[in-house]
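These figures come from a predicted structure and were not determined experimentally.
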Amino acid sequence: MKRFLVPLSKSDESDESVTSKKIRKSSTTISVNNRDIQNNIFDISQNVENGPNQPNITFPRRNIGGKQRAFNVLWYSKYEWLEYSKMRDSIFCFYCRHFTSDNSGYRDEVLIVNGYSDWKHIGNMLKKHNSSNIHKLSLEKYKSWISAKKTGSVATKLNTQLKEDILKNREIMKSLIRCVLYCGRQYIGLRGHRETNNYIDDNDDDNLKTHIDPFQNNGNFIELVKLLGLENDDFKTKLNTLPKNAKYTSKTIQNEILNVSCKVILKSIVKEIQNRSNFYSIIVDEAKDESNIEQMSICVRYISDNRINERFLGFLELKELHAKALADSIQLFLYSINLDIKNCIGQSYDGASFMSGTINGVQQYIREMSKNPCPYVHCYAHRLNLVLVDASKHVSAIHNTIGILEAIYSFQSCSSLRNSLFLESQEDSDKKLKTPQHCEIRWVSKYKGIHFFKIRFKSVIKALKECTLSKKSKEAAEARGLLNQFATFDNLLTIFCLDELLLCINSLSVYLQTKSTDLSKSITLIECTKDQIKSMRTENKFHDLYEKVIKSVEEISGEISIPVTEKRKKNVSSKLTDYFVTSSIGQNQMDNISEHEIKMRSQYFEIIDNIVMEMNRRFKQTELIEAVEACNPSSKMFLDFDTLIKLPGISKDNQFIEKLRAQCDLGKKMFAADSNSIEAYLSIKSMGASILELEKVYRRILVIPISSATAERSFSTMRRIKTYNRSTMTGKRLHNLALLSIEREKSEELIQNPDEILNEFAIFFEWLESVLPRLKDNAVIVMDNVPYHSVKIDKAPTSGTKKADIIKWLQDKGEVIDKPMVISQLMTIVRRIKHLHDKYVIDEYVKQYNKDVLRLPPYHCELNPIEMAWSAVKNHVKTNNTTYKLPDVRRLLEEGLDKVNNVMWKNFIRHVMGVENKFWDMDFMIDEMLAEKEPMVVTYTGETSDESDDDI
């Protein structure tokens with residue numbers, strides 16, 4: 001795994017790492033061990049560099065077998081590894097003395113320890129030793145050492161090879177990561193019904209064995225990788241060199257890339273919060289997804305880089321919908337991403353009772369968990385929407401008009417023919433518009449719907465008239481009923497009135513849904529909007545609106561009749577009966593208005609009065625709002641200390657208060673020229689620590705959320721991701737995909753530079769590096785066979801490998817190819833030497849620390865005692881968890897770990913040994929059963945599956 005994931009540091013750029021230097025030192029300057037010193041052997045080679053000690057002297061003779069015998073110098077030429085000790089009058093094996101490990105079992109052999117001096121049987125002895133396995137292995141090690149002297153040490157070459165593999169494979173991983181991120185950001189499903197690896201090299205013989213349909217849809221991710229390979233030959237070639245079980249294109253790796261990517265994004269957001277202000281507010285909302293599962297969206301608001309940020313953190317599946325369960329879920333989620341709930345200084349939800357309740361609502365539980373006032377703000381966008389909802393309840397004209405418009409939308413949308421008819425009725429318009437749907441919770445949709453029926457009033461009447469001619473009696477009846485209610489002067493006047501009112505309020509609605517808004521500016525805009533609506537309540541404004549409606553009716557050419565009623569009869573005073581009146585006699589102007597106009601005027605004023613009244617009720621003054629206004633330079637209460645001190649959460653420390661009082665007096669003059677609270681905050685921050693207390697107050701106010709629009713927008717993304725075709729998507733995957741698509745700024749940074757994701761993948765190796773020094777020498781590490789445990793240092797070629805690459809691999813291993821060979825002949829040589837180079841990256845790395853790796857058979861986790869330890873810990877938590885509070889769960893987890901003592905661990909190992917013995921017994925039984933049956937003939941036709949790319 002290290003070859004794929006470990007980032008190249010500056011130290012890696014040197015010729016040798018610290019580890020490789022240790023290996024080189026141990027392999028090139030091998031000293032004789034203490035045993036040689038204890039045996040007083042000083043006249044033979046003390047290290048490899050000296051070479052075998054072969055003196056040419058008059059060798060002493062001794063009586064052996066009745067004859068005087070001595071060592072013969074001719075043996076040197078026949079066995080170059082011989083060395084002679086004059087002190088011992090004995091011979092030794094140079095290779096075995098220096099290259100046989102202590103744990104090989106051969107350290108006590110006579111040619112290694114004490115020397116051999118039986119000159120009568122020396123020939124047989126040397127011949128036997130020369131053909132022994134231990135001597136051959138020592139000879140191979142000696143040759144490797146000689147080769148290392150010429151081309152660099154084994155560790156140096158291994159380190160260099162790893163660097164090359166890291167660079168190559170990180171580039172492959174970057175491309176694969178970008179493919180996953182692209183699909184996630186664009187709401188594209190990654191996988192198809194069945195995925196296969198038909199994007200691999202077409203020349204690979206193994207692909208022919210799978211009988212893959214080239215026209216099968218393998219999912220967007222695999223097809224995107226395949227397309228990338230067609231456009232980039234270098235990427236395709238590098239991808240094909242990877243082992244089949246480590247190509248990092250499986251669904252498991254796709255999920256892991258998504259998990260790690262989201263982990264990096266969340267870490268980045270949390271880092272911004274902790275490094276900048278450390279204060280944040282939460283924004284929460286709930287909605288059902290396509291699978292009818294309740295999803296809770298959690299967002300956060302904070303200040304970073306001198307601007308207000310609102311970020312989406314993720315979705316949580318809700319099992320319970322009461323306030324305590326929601327509050328616990330929020331706390332657990334914040335804890336899981338390393339956000340301290342004690343730093344939460346604000347919260348914003350909708351107005352549901354279990355969210356906004358001051359006694360048993362979520363806001364109260366969060367306040368108790370955070371141990372600070374943590375003010376709750378009922379979403380201002382929701383409040384604004386409730387203004388029209390309540391107005392429609394109190395004003396029958398609004399209620400009736402909106403009901404008619406909803407009915408028309410339902411009538412035309414339930415039939416494609418009617419929908420086409422409504423579009424065709426707009427043939428005289430420059431652009432054909434779809435009939436918009438009325439939405440109870442979105443102001444913008446209300447304005448769009450009203451405005452559509454205002455500008456397409458004639459087209460809608462035309463379409464409804466066409467429907468009245470339908471041969472379907474029910475459809476014709478519905479159309480006539482809608483036409484009679486819609487094509488009236490009163491209805492058109494209400495539509496015109498609502499259009500102007502909603503246009504006035506639309507700017508406020510849009511602003512309240514922006515991420516960068518602050519409470520102070522929102523309050524100012526609300527007051528300005530109310531003043532603008534009040535200014536519409538005049539006779540002139542109504543008269544202008546009434547004239548516009550009449551003009552529109554006249555343009556429709558008789559589709560709607562203009563109500564004509566006699567004006568009020570003027571009653572002239574009896575005293576003026578005999579006089580001719582030529583000037584005003586002081587009568588009310590209402591006498592010149594028709595009865596219908598008076599009725600419409602009363603309705604118009606009623607609509608405005610109700611909206612203003614509801615806005616006053618929904619946006620009434622509170623201590624929080626007063627404190628916020630005190631931070632606005634345009635407010636009369638700007639930096640009024642008595643008002644500002646009412647802000648919830650401000651320190652009551654006397655020294656803090658006195659400093660704040662002085663800074664408020666100073667700031668009234670210094671920052672009065674700023675246009676809004678944000679500019680004032682930037683000016684205050686530029687002063688540094690000189691007015692730190694005032695900066696803290698501003699930071700708190702700016703972090704207070706205005707609306708829950710950010711959470712609501714996340715549900716739009718949720719519905720684009722979790723569609724009918726993807727309704728079985730798990731909550732974790734929905735969370736990951738939503739985070740990538742919503743936080744596009746962060747995911748774009750990862751697409752541009754995926755190194756952070758790769759570095760997260762390397763955490764396993766970092767953990768292993770930290771653990772190895774703590775283990776004793778010769779310790780055994782039990783591992784399963786996941787891909788990142790099973791990456792090989794040097795992948796042997798297969799029959800699907802190009803012939804030139806096979807020859808190059810063999811030549812790199814010292815084999816001489818001096819005549820033409822076919823691939824099958826070359827593969828015979830490969831299989832012969834393959835075991836000498838079949839090494840795993842992790843295994844070789846662990847050996848540097850004098851440890852060994854024991855690999856479990858695939859799909860046999862029961863042979864790993866650590867699984868039983870984890871089971872015991874989890875069972876302890878499950879049995880004793882009664883509060884379901886995070887601190888209690890953590891305490892139980894630590895208790896469970898402490899319970900796994902030496903006695904339990906020995907029992908786990910004993911149990912695993914028993915399971916292993918059962919497997920051995922089964923194997924013996926199978927062998928005995930097969931031995932009793934007739935011999936089975938297997939015809940070998942070529943390379944086995946163990947020798948294919950599947951063999952890692």
Side-chain angles (χ1 to χ4, degrees), residues 350-353 356 378-409 436-454 457 485-486 488-513 522-523 525-539 541-542 544-546 548-549 597-621 625 706-709 712:
D350 56 24
S353 58
S356 60
H378 180 194
C379 173
Y380 271 46
H382 277 200
R383 294 188 193 186
L384 189 59
N385 178 69
L386 292 174
V387 169
L388 183 61
V389 172
D390 291 341
S392 65
K393 293 178 181 178
H394 298 131
V395 182
S396 59
I398 299 178
H399 179 76
N400 294 337
T401 297
I402 291 179
I404 294 170
L405 303 187
E406 289 179 352
I408 293 175
Y409 171 80
Q437 183 180 10
H438 175 80
C439 180
E440 286 291 338
I441 60 173
R442 295 188 64 188
W443 268 91
V444 176
S445 73
K446 288 180 172 63
Y447 172 68
K448 288 181 178 179
I450 295 293
H451 189 67
F452 169 83
F453 284 103
K454 174 188 174 182
F457 198 85
Q485 296 179 72
F486 180 74
T488 63
F489 186 90
D490 294 5
N491 184 60
L492 184 58
L493 180 67
T494 304
I495 290 175
F496 269 67
C497 176
L498 290 176
D499 181 71
E500 292 198 8
L501 284 171
L502 293 179
L503 178 61
C504 173
I505 298 174
N506 189 62
S507 298
L508 173 61
S509 175
V510 173
Y511 179 76
L512 291 178
Q513 297 177 55
S522 300
I523 294 171
L525 186 56
I526 290 171
E527 292 301 321
C528 292
T529 303
K530 285 196 294 185
D531 292 341
Q532 186 177 359
I533 294 175
K534 290 177 182 178
S535 67
M536 296 172 61
R537 196 186 186 283
T538 63
E539 298 289 344
K541 289 287 185 180
F542 168 74
D544 293 342
L545 179 68
Y546 195 81
K548 287 180 182 178
V549 176
E597 189 172 350
I598 293 173
K599 176 185 175 183
M600 292 296 99
R601 173 185 173 278
S602 176
Q603 177 180 295
Y604 173 77
F605 288 165
E606 183 184 13
I607 293 173
I608 293 177
D609 290 341
N610 269 274
I611 289 179
V612 172
M613 181 183 67
E614 288 297 328
M615 290 188 72
N616 288 330
R617 185 172 71 88
R618 295 285 178 182
F619 301 104
K620 58 185 177 182
Q621 284 286 103
I625 292 178
I706 310 304
S707 72
S708 58
E712 290 181 8

Practice problem: Evaluate the side-chain proximity of T494 to N400: yes if any heavy-atom separation is below 4.5 Å, no if none is. | Solution: no
Quiz item: In Å, rounded to the nearest 0.5 Å, how long is the span from CG of L512 to OH of Y380?
Solution: 9.0 Å
Exercise. Compare all side-chain heavy atoms of I611 with those of I505 and state whether any distance is below 4.5 angstrom.
Key: yes
Self-check item: Inter-residue atom distance Y546.OH - E597.CD, 0.5 Å rounding
Solution: 5.0 Å
Practice problem: For S708 and C379, work out which heavy atoms get closest and say how close. | Solution: N-SG, 3.2 Å
Quiz prompt | Closest non-hydrogen atom pair between Y409 and P436, with its separation | solution = CD1-O, 3.4 Å
Quiz item: Under 3.5 Å, is there a donor-acceptor pair between the side chain of N616 and the main chain of V612?
Solution: yes
Exercise. Could you pull out the closest heavy-atom pair between D390 and R617, with the gap in Å?
Key: OD2-NH2, 3.0 Å
Quiz item: How far does CG of D499 sit from NZ of K448, to the nearest 0.5 angstrom?
Solution: 14.0 Å
Quiz item: Any side-chain heavy-atom pair from F457 and N491 closer than 4.5 angstrom?
Solution: yes
Quiz item: Less than 4.5 Å apart, any side-chain heavy atom of K541 and any of E500?
Solution: no
Quiz prompt | Exercise: identify the closest heavy-atom pair between H378 and L386 | solution = CE1-CD1, 4.1 Å
Quiz item: Ignoring hydrogens and geometry, is there a side-chain-to-backbone donor-acceptor pair from R618 to R383 under 3.5 Å?
Solution: no
Self-check item: Sidechain-backbone polar pair: Q513 side chain, S509 backbone, donor-acceptor under 3.5 Å
Solution: yes
Quiz item: Roughly how far apart are L493 CG and K548 NZ, rounded to 0.5 Å?
Solution: 12.0 Å
Exercise. Would you please name every residue forming a salt bridge (charged side-chain N to carboxylate O under 4.0 Å, His left out) with K393, sequence neighbours left out?
Key: none
Quiz item: Which atom pair, heavy atoms only, marks the closest approach of S507 to L525?
Solution: O-CD2, 4.3 Å
Practice problem: I would like to know whether T401 and F453 meet side chain to side chain contact (heavy atoms under 4.5 Å, CB included); could you show each step before the answer? | Solution: CA-CA 11 Å; T401 297; F453 284 103; over 6 Å; no
Self-check item: Distance-only donor-acceptor check, side chains S602 and E606, under 3.5 Å
Solution: no
Quiz prompt | From CA spacing to verdict: side chain to side chain contact (heavy atoms under 4.5 Å, CB included), I706, Y511 | solution = CA-CA 10 Å; I706 310 304; Y511 179 76; over 6 Å; no
Exercise. State the CD1-CE distance between I526 and M615, to the nearest 0.5 angstrom.
Key: 6.5 Å
Quiz prompt | With sequence neighbours excluded, residues passing salt bridge (charged side-chain N to carboxylate O under 4.0 Å, His left out) with R537 | solution = D609
Quiz prompt | From CD1 (I598) to CZ (F542), nearest 0.5 Å | solution = 9.5 Å
Self-check item: Distance-minimising heavy-atom pair for D490 and Q603
Solution: O-NE2, 4.5 Å
Quiz item: Do L501 and L388 have side-chain heavy atoms sitting under 4.5 Å apart?
Solution: no
